[in-house]
2 protein chains.
Amino acid sequence: MISARVASMAGKESETVPDDGASGAAGVDPEQLWLRSAERRRGRRPSFSREAITAAAVALADAEGLDAVTMRRVAAEVGAGVMSLYSYAPDKETLLELMVDHVSGELPTTNPLTGDWRADLKAIAHLQRAHMLRHPWLPAALATRRTPGPNTLAFLERALAALRPSGLDGAARLEVFAQLTAFVAGHVSHEITQAAAARSPDRSAAEARYLAAVAADGHHPELAEALASTGRPLTPEATFTRFLNRLVDGLDAD
Amino acid sequence: MISARVASMAGKESETVPDDGASGAAGVDPEQLWLRSAERRRGRRPSFSREAITAAAVALADAEGLDAVTMRRVAAEVGAGVMSLYSYAPDKETLLELMVDHVSGELPTTNPLTGDWRADLKAIAHLQRAHMLRHPWLPAALATRRTPGPNTLAFLERALAALRPSGLDGAARLEVFAQLTAFVAGHVSHEITQAAAARSPDRSAAEARYLAAVAADGHHPELAEALASTGRPLTPEATFTRFLNRLVDGLDAD
DNA sequence: CCTTTATCTCGTACGACGTACGATAATAGA
DNA sequence: TCTATTATCGTACGTCGTACGAGATAAAGG
């Protein structure tokens with residue numbers, strides 16, 4: 001999802017699609033959000049900072065999930081009145097964008113590239129996975145995200161550099177990175193759901209009973225067999241690596 | 001995401017993970033939701049039906065997006081009082097689950113399989129993509145989804161049957177299908193976002209200007225080159241097919 | 001038949017949300 | 001000092017999900 005918008009710039013696509021599922025058309029102006037100058041001449045001096053507010057929101061999301069990030073909670077955390085937040089971000093959606101870019105600052109952008117672009121790309125994907133596991137709200141937040149901020153762009157720049165030896169052209173490299181990010185987000189989202197479910201034994205047991213009942217109804221032989229299968233348990237890490245390798249090894253400039 | 005919970009049953013995984021990002025631990029009891037008997041002896045006869053309510057909610061989501069699905073709107077659409085809905089679903093989250101399973105009923109489960117499991121799997125993925133494009137709220141709804149309903153299970157059964165000739169064991173087949181679904185959902189989510197952005201020219205222009213400004217700042221040479229690249233425009237369909245083929249062709253039993 | 005018991009209907013109400021509005025306070029240039 | 005500008009934030013509005021409980025309606029027991 002990172003660079004979704006970027007990828008659409010090079011080589012505009014066609015094929016119409018029904019109405020958007022989750023969000024209105026409004027959104028935020030990226031120029032005003034990311035490029036506005038820091039100069040400030042007249043008027044009262046700000047008591048807080050965009051940095052501090054964003055950091056507080058991130059801490060809240062990390063600790064209690066995305067639902068805990070309300071304007072009231074964030075304001076309380078920072079010691080501000082609720083409406084003061086609106087001096088730093090025009091609305092909550094924008095605050096989410098700031099959060100995403102804020103944590104993107106944690107991603108390394110200066111470690112050496114090996115020159116083996118497949119290996120480098122896999123390493124990047126592993127970085128992204130670890131990053132999303134550290135901030136489990138990220139996959140959900142990325143879905144609503146609109147434009148990449150400076151930290152996101154720095155990481156994108158890094159990924160494009162890693163892909164340079166692949167021989168893919170610019171648009172294709174953007175596309176590969178966007179798809180890779182979508183893949184990682186999808187996987188981590190799945191992984192988080194499973195881990196969360198595993199942590200509540202009551203629900204796990206109820207679900208196991210439900211599936212067993214379905215498998216026993218005679219209409220789901222394949223499911224019954226799959227559930228009875230006794231393969232060695234795979235770690236999410238191993239599954240991720242396996243699918244990632246398949247995806248990346250299949251890439252070439254053709 | 002389909003069968004996320006199912007896949008976790010065969011071969012329980014380890015590796016801890018931080019707190020869930022978006023949802024509490026509560027959830028819905030799948031046994032009571034999907035298996036409760038239809039017998040009804042005493043008491044007032046229901047004026048509505050779970051079917052009708054779910055269908056109204058789906059129609060609303062299709063037409064106006066997931067945000068338009070509020071208990072009040074759905075009730076109005078059906079001609080019921082708001083609180084009457086709670087006789088048919090214990091809460092809104094459950095209504096979402098019902099919606100997901102409802103539309104899953106549109107997926108074919110009886111068309112012939114060719115025996116070429118890779119081809120069959122690709123066909124299934126294309127079905128899922130078309131399905132999600134028809135119901136653009138699906139990718140978002142799948143992320144919160146907890147247990148598969150009967151229609152979802154029927155489709156899962158179908159996918160497992162398609163994978164039978166692959167030689168993969170049961171747990172692996174479940175895992176493949178879960179990952180495939182996550183991949184499709186991620187791609188379609190991306191695709192929808194792009195299409196929605198392309199439909200509002202003001203935003204597109206602002207974003208293009210923003211990215212051009214970033215590319216011109218001298219710190220993003222890779223991005224600059226990628227944006228300048230003049231590859232022939234790729235349809236989302238073509239991109240999807242390409243990545244799908246990479247993923248599926250890489251699968252084998254080893 | 002009437003009573004009991006279970007079920008469904010839905011008006012009212014509560015607390016939480018995002019945020020529009022406008023009064024108030026602080027700052028810098030004139 | 002006056003004025004223009006900017007930040008702070010209390011109050012209030014409309015919306016959300018849903019708890020509660022009073023009424024309606026059906027079948028079962030006598």
Side-chain angles (χ1 to χ4, degrees), chain A residues 22-24 26-28 32 36-54 56-57 60-61 64-99 137 140-141 144, chain B residues 22-24 26-28 32 36-54 56-57 60-61 64-99 137 140-141 144:
Chain A
S23 57
V28 187
Q32 226 168 0
R36 105 185 162 171
S37 90
E39 287 190 69
R40 193 169 285 114
R41 354 190 94 76
R42 302 238 278 256
R44 183 172 179 167
R45 205 157 306 146
S47 308
F48 315 100
S49 75
R50 178 177 279 188
E51 254 297 292
I53 290 169
T54 307
L60 213 43
E64 304 182 37
L66 208 50
D67 288 348
V69 180
T70 71
M71 299 306 268
R72 289 168 223 262
R73 282 294 306 272
V74 173
E77 219 69 41
V78 161
V82 190
M83 293 311 292
S84 298
L85 299 187
Y86 289 85
S87 299
Y88 300 89
D91 52 31
K92 192 191 178 182
E93 191 195 322
T94 302
L95 180 56
L96 282 180
E97 301 235 9
L98 293 171
M99 290 170 64
W137 47 272
T144 345
Chain B
S23 56
V28 187
Q32 224 167 2
R36 105 187 164 171
S37 92
E39 287 190 68
R40 193 170 285 115
R41 353 190 94 74
R42 303 238 278 254
R44 183 172 179 168
R45 207 156 303 148
S47 308
F48 315 100
S49 74
R50 178 178 277 190
E51 253 295 293
I53 290 168
T54 307
L60 214 41
E64 304 182 37
L66 208 49
D67 288 347
V69 180
T70 70
M71 300 304 268
R72 290 168 223 262
R73 281 295 304 272
V74 173
E77 219 70 40
V78 161
V82 191
M83 294 312 293
S84 299
L85 299 188
Y86 289 86
S87 300
Y88 300 90
D91 51 31
K92 194 191 176 182
E93 191 194 323
T94 303
L95 180 56
L96 282 180
E97 301 235 8
L98 292 172
M99 289 170 64
W137 47 273
T144 345

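Every chain is numbered from 1, with letters handed out A, B, ... down the list of sequences. Just so we're clear, the structure is a prediction, and the values are computed from it rather than from any experiment.
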Options [options], nucleotide nearest the side-chain atoms of [X]:
X: M83(A); options: dT11(D), dG18(C), dT9(C); result: dT11(D)
X: R44(B); options: dC8(C), dT8(D), dG18(C); result: dC8(C)
X: Y86(B); options: dT9(C), dT18(D), dG18(C); result: dT18(D)
X: V82(B); options: dG17(D), dT19(C), dT18(D); result: dT18(D)
X: R42(A); options: dT18(D), dG29(C), dA26(C); result: dG29(C)
X: M71(B); options: dC17(C), dT6(D), dG17(D); result: dG17(D)
X: R72(B); options: dT9(C), dA13(C), dT6(D); result: dA13(C)

Mind checking [X] for me? I need base, sugar-phosphate or nothing, with any heavy atom below 4.0 Å counting as a touch.
X: A80(B); result: sugar-phosphate
X: G81(A); result: sugar-phosphate
X: S87(A); result: base

Side chains of E64(B) and L60(B): does their closest heavy-atom pair fall under 4.5 Å?
-> yes
When you check the phosphate oxygens OP1 and OP2 of [N], does a side-chain N or O of [X] lie under 4.0 Å from one of them?
X: R45(A); N: dA28(C); value: yes
X: S47(A); N: dT8(D); value: yes
X: S84(B); N: dC8(C); value: no
X: Y88(A); N: dA7(D); value: no

